[in-house]
**Q** 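One structure follows; several queries about it will come next.
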Amino acid sequence: VLALERQLNSLLSDEDELVENGMTISTASLDGLVDFLAAHRLHTHPRLSLTRNGRFAASWSPYSRAKLTLIFTREAADWVGVDLDATTPVRDKGVVLIDSLNGMPPPFRSWIVD
Amino acid sequence: LDCRLKGDPIPPHDHVALHCQPAYLLDVDETGEAIGVSSDVFRVDDDGISTNWLEFQDADFETQFATACLLLTMGRTVRARHRVGIIVVANVLAAGAAANKAVSVIHDPLEIPPNPGHALITELAVDDQKVFQELAVVTELRVFTQEALRRSKAAESERRRT
């Protein structure tokens, strides 16, 4: 909870910049993120960022040239992942529900949960 | 600009610098520190993604980086929490090729505001998510030089006064 609070404070701290860019934060996306964090036993807490349209994004990067990002709505998350260090580089994307990672291929899924 | 022309491809082993902003597009860790870029920092304009070529200047890398920081402040606001993303051109081309896109990184010097190192990443569209994710993992994040921040702040104050 403390980590999430620090991250939100960091992302939302510059009110001038948010206003200048006409940013509207999606509270539905924040709800989706919080529910996702509560619904899964995660290996590690993710990095967080915002998208240009105000949605929250969580990312896991198990090594330097690999990254999985989930971008949240209230009920689901669009995901995109790359692993450039795999024997054959992997690039994929899809959609998962907040309470299930069904449909996400194992290489990416294993970066988040067992 | 010597014999180099607008539109020339930039050599694959060279680097381009990206102004990573607004700050909320950067990945923050559990302490709230920015440690990476999200794929949304790659903003696609009509002519491409705006960057700055480091090696247009014949100098050592740190001097080239410092110059790029100053040039990135031309005509725009740079804040302390913004970052500079450094990307090897070959990695941009590889990301495009993996998506069957004819991506180019070309020299695009500007006269107004003057920016002899300006460069463009072309042939990408806003929905090229996998390419942008790949670019995000090959981007090295650095802080702006103090001189660039000082000049940007002074220019911002001047704009507000006038």
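Below, chain A is the first sequence line, B the second, and so on; all start at residue 1. Values below: all heavy atoms of this structure, side chains included; hydrogens, waters and symmetry mates excluded. Every value quoted in this text rests on a predicted model; they were computed, and no experiment measured them.
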**Q** Consider only side-chain heavy atoms of I, L, V, M, F, W and Y, link residues closer than 4.5 Å, and tell whether A:L4 and A:W60 are in one cluster.
**A**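 Yes: a chain of side-chain contacts under 4.5 Å links A:L4 to A:W60.
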**Q** Check whether any side-chain N or O of B:R81 sits under 3.5 Å from a backbone N or O of A:S10 as a donor-acceptor pair, and report yes or no.
**A** yes
**Q** Heavy-atom cut-off 4.5 Å, strictly under: side chain, backbone, both or neither for B:A136 against chain A?
**A**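 Contact with chain A: side chain only.
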**Q** Looking at chain A, which one of B:E33, B:Q21, B:Q129 has the largest number of heavy-atom pairs inside 4.5 Å, strictly under?
**A**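 Between B:E33, B:Q21, B:Q129, the count favours B:Q129.
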**Q** Any side-chain to backbone donor/acceptor pair from B:Q133 onto A:G81? Under 3.5 Å, distance only.
**A**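 No; zero donor-acceptor contacts below 3.5 Å.
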**Q** Is A:R41 atom CZ crowded by more than 12 heavy atoms from other residues, nucleotides or ligands, each under 6.0 Å away?
**A**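 At most 12 heavy atoms, drawn from other residues, nucleotides or ligands, come within 6.0 Å of this atom.
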**Q** Quick one: does B:D40's side chain have a donor or acceptor within less than 3.5 Å of a partner on A:T51's backbone?
**A**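 Checked: no pair found.
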**Q** For B:E158, does the CD atom sit with more than 12 other heavy atoms under 6.0 Å from it, leaving out its own atoms?
**A** yes
**Q** For B:P22 and A:R52, work out which heavy atoms get closest and say how close.
**A** CD-NH1, 4.0 Å
**Q** Where does B:V28 contact chain A at under 4.5 Å (heavy atoms): side chain, backbone, both or neither?
**A**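 Contact with chain A involves both backbone and side-chain atoms of B:V28.
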**Q** Tell me whether B:K153 at atom NZ has more than 12 heavy atoms from other residues, nucleotides or ligands lying less than 6.0 Å away.
**A**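 No, not enclosed.
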**Q** Are B:F132 and B:V16 linked, directly or through intermediate hydrophobic residues, by side-chain heavy-atom contacts shorter than 4.5 Å (ILVMFWY only)?
**A** yes
**Q** Does any heavy atom of chain A fall under 4.5 Å from the side chain of B:D27, the backbone, both, or neither of them?
**A** both
**Q** With a sphere of 6.0 Å drawn around CZ of B:R43, does it hold more than 12 non-hydrogen atoms of other residues, nucleotides or ligands?
**A**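 No, CZ of B:R43 has 12 or fewer neighbouring heavy atoms, counting only those of other groups under 6.0 Å.
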**Q** Is it the case that atom CD in A:E15 sees more than 12 heavy atoms from other parts of the structure closer than 6.0 Å?
**A** no
**Q** Where does A:E5 contact chain B at under 4.5 Å (heavy atoms): side chain, backbone, both or neither?
**A** neither
**Q** Give a yes or no on whether B:V88 and B:F56 share a hydrophobic cluster (residues Ile, Leu, Val, Met, Phe, Trp, Tyr; joining criterion: side-chain heavy atoms under 4.5 Å apart).
**A** no
**Q** Heavy-atom distances under 4.5 Å only: say whether A:A58 touches chain B with side chain, backbone, both or neither.
**A**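 Contact with chain B is absent: no heavy atom of A:A58 under 4.5 Å.
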**Q** Side chain, backbone, both or neither: which part of A:S59 has a non-hydrogen atom closer than 4.5 Å to chain B?
**A**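 Just its side chain gets close to chain B.
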**Q** Is there a side-chain contact between A:N21 and B:Y24, using heavy atoms and a 4.5 Å cut-off?
**A** yes
**Q** Where on A:L12 is there a heavy atom nearer than 4.5 Å to chain B: the side chain, the backbone, both, or neither?
**A**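 Neither; nothing under 4.5 Å.
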**Q** Select one option (side chain, backbone, both, neither) describing which atoms of B:V41 are under 4.5 Å from chain A's heavy atoms.
**A** backbone
**Q** Given the rule that I, L, V, M, F, W and Y join up when any side-chain heavy atoms are under 4.5 Å apart, are A:F72 and A:M104 in one cluster?
**A** yes
**Q** Mind listing the closest non-hydrogen atom pair of A:R47 and B:G36 along with its distance?
**A**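 So the minimum-distance heavy-atom pair works out to NH1-CA, 4.2 Å.
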**Q** Checking heavy atoms, do the side chain of A:S13, its backbone, both or neither come under 4.5 Å from chain B?
**A** side chain
**Q** Spell out, yes or no, whether B:L25 and A:L70 are grouped together once hydrophobic residues are joined by side-chain heavy atoms under 4.5 Å, including indirect joins.
**A** yes
**Q** Under 4.5 Å heavy-atom distance to chain B, tell me which part of A:L84 shows up: side chain, backbone, both or neither.
**A** side chain
**Q** Tell me, yes or no, whether the heavy-atom count around A:E20 atom CD, taken from other residues, nucleotides or ligands under 6.0 Å, exceeds 12.
**A** yes
**Q** Could you give the distance from OG1 (B:T77) to CD (A:E17), rounded to the nearest 0.5 Å?
**A**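 Nearest 0.5 Å value for the OG1-CD distance: 9.5 Å.
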**Q** Which pair of non-hydrogen atoms, one from B:L26 and one from A:L11, has the smallest distance, and what is that distance?
**A** O-CD2, 3.8 Å
**Q** Counting heavy-atom pairs under 4.5 Å with chain B, which one of A:N53, A:T69, A:T44 comes out on top?
**A** A:T69
**Q** Please report the closest heavy-atom contact between A:Q7 and B:D29, naming both atoms and the distance.
**A** CG-O, 3.0 Å
**Q** What's the shortest heavy-atom distance between A:K67 and B:S38, and which atoms?
**A** NZ-CA, 3.9 Å
